[in-house]
Protein chains: 2
Amino acid sequence: MARHDKSATPLGFAAHDHTACQSRALATADQLCAARRVQFTPVRRRVLEILLESHEALGAYDVLARLNAEGLGSKPPVAYRALAFLVDQGFVHRIERLNAFIACADPSHDHSPAFMICRACGTVAEAHAQMPLGDSAARSGFQIEQTVIEAEGLCPDCQEVRTP
Amino acid sequence: MARHDKSATPLGFAAHDHTACQSRALATADQLCAARRVQFTPVRRRVLEILLESHEALGAYDVLARLNAEGLGSKPPVAYRALAFLVDQGFVHRIERLNAFIACADPSHDHSPAFMICRACGTVAEAHAQMPLGDSAARSGFQIEQTVIEAEGLCPDCQEVRTP
DNA sequence: ATTGATATGTTATAACATAACAACCCTATG
DNA sequence: CATAGGGTTGTTATGTTATAACATATCAAT
């Protein structure tokens with residue numbers, strides 16, 4: 001459980017208006033759910049809000065603990081189902097490396113995301129990446145459906161401190 | 001010293017002399033362990049042999065079951081420690097997407113691997129990839145230490161089965 | 001023979017994830 | 001109205017992946 005309320009948390013590792021960042025994402029989710037005729041229920045909305053609080057990835061059980069504290073559900077399937085819905089709708093991404101979830105930086109476009117994960121502070125920034133395996137895939141005839149791209153390292157802030 | 005008789009097709013999706021593939025990998029591991037003065041113990045060697053049997057990724061508990069059947073250890077830490085050693089030495093890669101492990105296609109060079117995972121047959125091919133986040137990282141000042149690149153899709157063989 | 005380094009064995013538990021079924025809440029239609 | 005069906009949530013139980021912590025073994029060097 002990570003209580004983190006700092007606005008120094010960057011989007012692309014840059015300071016930004018996080019409140020705007022949150023409300024924009026929520027509004028987009030509202031619109032998209034309406035357009036797609038899927039239900040943006042209280043549990044689902046709350047899970048997205050929780051993930052939007054910071055740019056760190058949260059584990060399903062972290063999310064569940066928050067839901068539980070608010071009386072919205074206490075058993076793993078509740079959290080996993082909401083997360084699965086949000087991932088399906090493209091509002092949340094799963095970070096394989098961390099077995100954790102993070103709110104999408106831009107749910108309005110369908111995209112194949114890439115991430116930079118700071119191993120010191122846990123911040124995860126979403127980025128755009130080239131298809132790194134296009135060549136190999138083309139040569140071998142492999143048909144790519146989805147590519148996980150997750151870089152791990154140190155964000156600008158954390159490089160300043162010595163971290164062995 | 002590059003004894004690469006490599007076709008354009010990544011190992012794993014192409015027919016090849018797998019016996020040679022295995023013994024080459026084992027011989028390389030032997031040499032590197034000797035050179036590095038680390039112990040290539042029976043458990044470690046056997047785990048590598050097990051992973052070398054196919055180009056599919058095995059979970060730690062799959063490996064453990066094999067070890068157990070051969071009287072080489074029955075508790076999770078035995079498998080996880082051997083796997084950690086092999087990963088450290090670069091003889092084995094972890095596939096994050098699958099929470100599983102696969103023998104390295106070419107342990108003789110230090111490399112940052114990328115993978116193509118067939119969702120139908122489970123074959124995993126190792127490939128070379130460009131640094132897909134170099135631009136984003138440079139712009140944001142993120143210092144990349146390691147990048148996970150894992151494409152999922154259909155290998156050439158498994159595409160043929162589809163008849164729509 | 002003792003020490004120290006390295007590896008393995010074992011217990012216990014943490015952390016992540018899902019199958020299966022019951023209950024609830026709409027709303028569309030008879 | 002009622003009631004049937006779809007979608008969502010609640011709950012139980014369990015499956016899967018991973019590690020902390022401590023005990024034992026092995027062996028080389030003092």
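Within every chain, numbering begins at 1; the chains are lettered A, B, ... in the order of the sequence lines, protein sequences first and strands thereafter.
D/dT8 atom C1' lies 15 Å from atom CG of A/L83, rounded to whole Å. Here C/dT27 presents its C1' atom at 11 Å from CD of A/Q39, a figure rounded to the nearest Å. Protein atom CD of A/Q89 is 13 Å distant from nucleotide atom P of D/dG7, rounded to whole Å. One interatomic measurement links the two molecules: CZ of B/R44 to C1' of C/dA7, which rounds to 6 Å at whole-angstrom precision. As a whole-Å value, the separation of A/L64 CG from D/dT11 C1' is 13 Å.
Two rings, from B/F101 and B/H93, have their centers 6.0 Å or more apart. Ring-centre distance between A/H16 and A/H55: below the 6.0 Å cut-off.
Taking the six-membered ring where the residue is Trp, B/F142 and A/F13 present parallel rings, their angle staying beneath 30° rather than reaching 60°.
Applying the side chain to side chain donor-acceptor pair (under 3.5 Å) criterion to A/Q130, with sequence neighbours excluded, gives no partner residue.
Nearest heavy-atom pair across B/Q159 and A/G141 is NE2-O, 2.7 Å.
Using a 4.0 Å heavy-atom criterion, one finds that B/L67 contacts no nucleic acid atom at all.
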Expected string for nucleotides 16-30 of chain D under the B/S/- scheme (protein heavy atoms, under 4.0 Å, primed atoms plus P, OP1, OP2 as sugar-phosphate) is -BBBBB---------

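OP1 or OP2 of D/dT12 has at least one side-chain nitrogen or oxygen of A/K75 nearer than 4.0 Å. Proximity of A/S74 to the phosphate of D/dG10: no side-chain N or O atom is located under 4.0 Å from OP1 or OP2.
The residues B/E53 and B/R66 are annotated as salt-bridged, a charged nitrogen and a carboxylate oxygen being separated by less than 4.0 angstrom.
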